[in-house]
Amino acid sequence: MKIAVLTGGGDCPGLNAVIRSVVRKGVHDYGYEFLGLRDGWLGALQDNVVPLDTSSVRGILPRGGTILGSSRTNPFKHEDGVRRIRDTLAAHQIDALIVIGGEDTLGAATELSRQGINLVGVPKTIDNDVPGTDYTFGFDTAVSIATEAIDRLHTTAESHMRTLVVEVMGRHSGWIALHAGVAGGANVILVPERPFDVDQVCDWVKSRFKINYAPIVVAAEGAVPMEGQMILKDRSLDEYGHVHLSGIGEWLAQEIAARTGTDARTTVLGYVQRGGTPTAFDRWLATRFGLHAVDAVKDGAFGTMVALHGTEIVRVPLDGARGRTKVVDPSLYDEFAVFFG
Ligand code: F6P
């Protein structure tokens, strides 16, 4: 059996841990052969493959990023995309694919699976927004990085008695904002799922100043004010139709300063949240996903995705993840209302 592995979408810590785990188990337990497809679906379209064996995955467990490269290529946006993928698979006698990706990459995988390509999905993303799994790997690392940043911003904010707005990733879901905001003791947490009232945010900021503390406002990049539109820096779209976000933090700091007459600054954490070594939890989860993905291929469980349910790794239908985003439940968000202001 020959299996190809690809990593698609935004990179995240733990991708290499999955690749290592897949190859180690597949070679050792089942005698499978492996190939890597470079840069997500692009490698499948362009027949760009690299050898993958136990020696090529040695030492990669703690390394961030992906040794296979990644891209946001959507095979259905390329002429003859499906045929070209079939040609690549046939040229290398590939029997099955292990597709490591988020909503978009797995969405394309779902359609390709429907069209008869044997594949198994592995959910990844720092955003933790893939439905069907309790957690994706990469999320814990991003939350840890954002929490450390918030801890550091508290002390500088207090020294200057100013508001610090921290913009974190999360275009459709506020998981990073909520977890890091709670862990870092933020005074305001803004998520895309709950349009916010700028006046309310300013009231929280003022009440924080009143007790002589400097406010920390954590905003997901996709957070939107009630009365307006999403704040966008540019309007370019990727191949999955997503706009490039960022700008809410800057806008909010300006509004807070203007409306409260106090000093406010912004820190945009950006790609720092995605880079570097994965936490122990993410290495653990990614390793388990890899082991179970190989078993799914061995069992011929194509069209499924490995997922975490509680402490168990299970298989769920890939199409369950299609076109949906796992968002923050309003009641979970409301649990933390006591910490706002
Ligand atoms: O990986 C998902 C994500 O982190 C989103 O939160 C963010 O909007 C996006 O990636 C930005 O990534 P890129 O600029 O690589 O498209």
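Whatever order the structure lists them in is the order used to number ligands and atoms, beginning at 1. Values in this document were obtained by computation on a predicted structure and should not be read as measured data.
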Row check, Trp175 ring normal vs Lys326 NZ/CZ: under 6.0 Å, within 45°: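 Yes, Lys326 lies over the aromatic ring of Trp175.
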Proximal ligand 1 atoms for Ile126, defined as those under 4.0 Å from one of its heavy atoms: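 So the answer, numbered in order with elements, is 4 (O).
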Gly170: numbered ligand 1 atoms lying under 4.0 Å from its heavy atoms: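 Matching atoms, with element in brackets: 6 (O).
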Name the atoms and distances for all side-chain donor-acceptor pairs under 3.5 Å in residues 306-318, with sequence neighbours left out.
| residue | atom | partner | partner atom | Å |
| --- | --- | --- | --- | --- |
| His309 | NE2 | Gly132 | O | 2.8 |
| Arg315 | NH1 | Asp299 | OD2 | 3.2 |
| Arg315 | NH2 | Asp299 | OD2 | 2.7 |

Any Arg72 heavy atom less than 4.0 Å from ligand 1: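 Yes, Arg72 has heavy atoms under 4.0 Å from ligand 1.
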Pair Ser331-Asp334, side-chain donor/acceptor within less than 3.5 Å: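 Short answer, no.
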Residue Trp284 excluded, over 12 heavy atoms near CH2 under 6.0 Å: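 At most 12 heavy atoms, drawn from other residues, nucleotides or ligands, come within 6.0 Å of this atom.
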Glu221, any N or O under 3.5 Å of ligand 1 N or O: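 It does: an N or O of Glu221 is found under 3.5 Å from an N or O of ligand 1.
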Lys124-ligand 1 polar pair, N/O distance under 3.5 Å: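 N/O-N/O distance under 3.5 Å: no.
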Could you list the donor-acceptor pairs under 3.5 angstrom formed between side-chain atoms of residues 20-38 and any protein atom two or more places apart in sequence or on another chain?
| residue | atom | partner | partner atom | Å |
| --- | --- | --- | --- | --- |
| Ser21 | OG | Thr287 | O | 2.7 |
| Ser21 | OG | Leu291 | N | 3.1 |
| Lys25 | NZ | Asp29 | OD2 | 2.9 |
| Tyr30 | OH | Asp295 | OD1 | 2.3 |
| Arg38 | NH1 | Ile67 | O | 3.0 |

